[in-house]
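What follows is a short report on a single structure.
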Amino acid sequence: MTIDNDSPYLAFSREAWSELRDTVHQPLSEDELTRLRGINDKVSLAEVRDIYLPLSRLLNLYIKAKQRRSKVLDQFLRKEARHVPYIISIAGSVAVGKSTTARILEALLARWPQHPKVSLVTTDGFLYPNSVLEERGLMRRKGFPQSYDIRRLVQFVSDIKSGKPRVTAPVYSHLTYDVVPDEENVVEQPDILIIEGLNVLQSGMDYPHDPHRVFVSDFVDFSIFVDADERLLKTWYVERFLKFRSGAFRDPDSYFHNYAPLSEEEAVATASRIWQEINYKNLKQNILPTKDRAELILTKGKAHGIEQVWLKK
Ligand SMILES: Nc1ncnc2c1ncn2[C@@H]1O[C@H](COP(=O)(O)OP(=O)(O)O)[C@@H](O)[C@H]1O
Ligand SMILES: CC(C)(COP(=O)(O)O)[C@@H](O)C(=O)NCCC(=O)O
């Protein structure tokens, strides 16, 4: 571990971080290993052991502390104990691996007896439908802050935090490239909510002219930023596009169906263009400026291996 007095973060090498897992209480059973492989067969189990087990131990300690504090406050106020979900946000570029990280954490956090019920929501469901984005000239700004129904997203997180018994989130499809009508993701009083998306670290600092605006980050207890060099991000984006092209794009309902017959070279050029014109711009303008607000930064290297961990002091 490196302590730099001028930095708000403690820096850990992969080796130093991996030593912080709880080797006694955290062995993974065969069933769990199979389930984790099902999330993404490219995720190595060494990654789960070295990076995600220590992280789930840290989060468990923070969550227990928060639960104890809430209990004390309820006692002091002579109020009945309330159920207050712990909210974890995961931010980062398109294709950095936010949803994979979120799903691994979801599985690992649910193993702890203090918080077995973990729900996962992605912010893409709160994008405006394509019809609205087209009307507002925002189709090439999908993923930028103005492409989301932020009010609805903030209301959703606020309802969960206040313990509402049943809260619903709209659902986005990467196949149709649009919000799915008549489908919803139901969240019912989880112990932990993981919310994953490009802009979950946005805050009042980004809108100095609008001091009353409320953000997802106002409800978040612990925030994570997944980071990688921009050349790697582009490679991962293009690789994922090629994977979709040989799979989902063949479906006639797919928005990118016309791209299915493209040669590999043409598909790489198309993906590179979308990356450069939309996702890379968004990364530079809106996502990277929020990085150092995160409580924890995971820095990935080649093949998605996490090489450094930065934890706020
Ligand atoms: N830990 C990992 N190990 C190997 N591949 C990964 C890992 N995380 C993500 N990927 C791959 O990288 C690509 C982007 O990941 P994804 O989770 O979809 O990103 P995001 O949600 O940030 O857009 C996908 O092709 C996914 O399979
Ligand atoms: C749907 C996304 C905006 C990601 O949204 P998020 O879940 O982070 O809110 C992104 O994956 C996307 O589709 N960007 C638009 C450009 C593109 O087609 O990649």
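First listed ligand is number 1; within each ligand, the first listed atom is number 1.
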For Gly143, the atoms of ligand 2 under 4.0 Å from one of its heavy atoms are 3 (C)

Please state which option from Val94, Thr100, Val43 has its nearest heavy atom closest to atom 9 (C) of ligand 1. Thr100

Going by heavy atoms, is Tyr177 under 4.0 Å from ligand 2? yes

Under 4.0 Å, heavy-atom basis, I'd like to know which part of Asn199 is in contact with ligand 2: side chain, backbone, both or neither. neither

Quick one: does Arg141's side chain get under 4.5 Å of Arg136's, heavy atoms only? no

With sequence neighbours left out, what residues match Trp310 under ring-ring contact (aromatic ring centres under 6.0 Å, His included)? none

Would you tell me which option among His304, Glu239, Arg103 has the nearest heavy-atom contact to atom 3 (N) of ligand 1? His304

For Lys142, the atoms of ligand 2 under 4.0 Å from one of its heavy atoms are 14 (N), 15 (C)

Going by the order shown, which atoms of ligand 1 are within less than 4.0 Å of some heavy atom of Lys300? 8 (N)

Grouping ILVMFWY residues whenever side-chain heavy atoms fall under 4.5 Å, the cluster of Val186 otherwise contains none

Tell me the contacting part of Lys243 for ligand 1: side chain, backbone, both, or neither, using a 4.0 Å heavy-atom threshold, strictly below. side chain

Can an N or O of Lys98 be found at a distance shorter than 3.5 Å from an N or O of ligand 1? yes

State if Tyr237 counts as touching ligand 2 under the rule of any non-hydrogen atom under 4.0 Å. yes

Within a distance under 4.0 Å of any heavy atom of Ser93, pick out the atoms of ligand 1 and give their elements. 22 (O)

Out of curiosity, is Trp275 lining ligand 2, as in a heavy atom under 4.0 Å away? no

Which residue and atom name correspond to the protein heavy atom nearest atom 14 (N) of ligand 2, and how close is it? Asn279 OD1, 3.3 Å

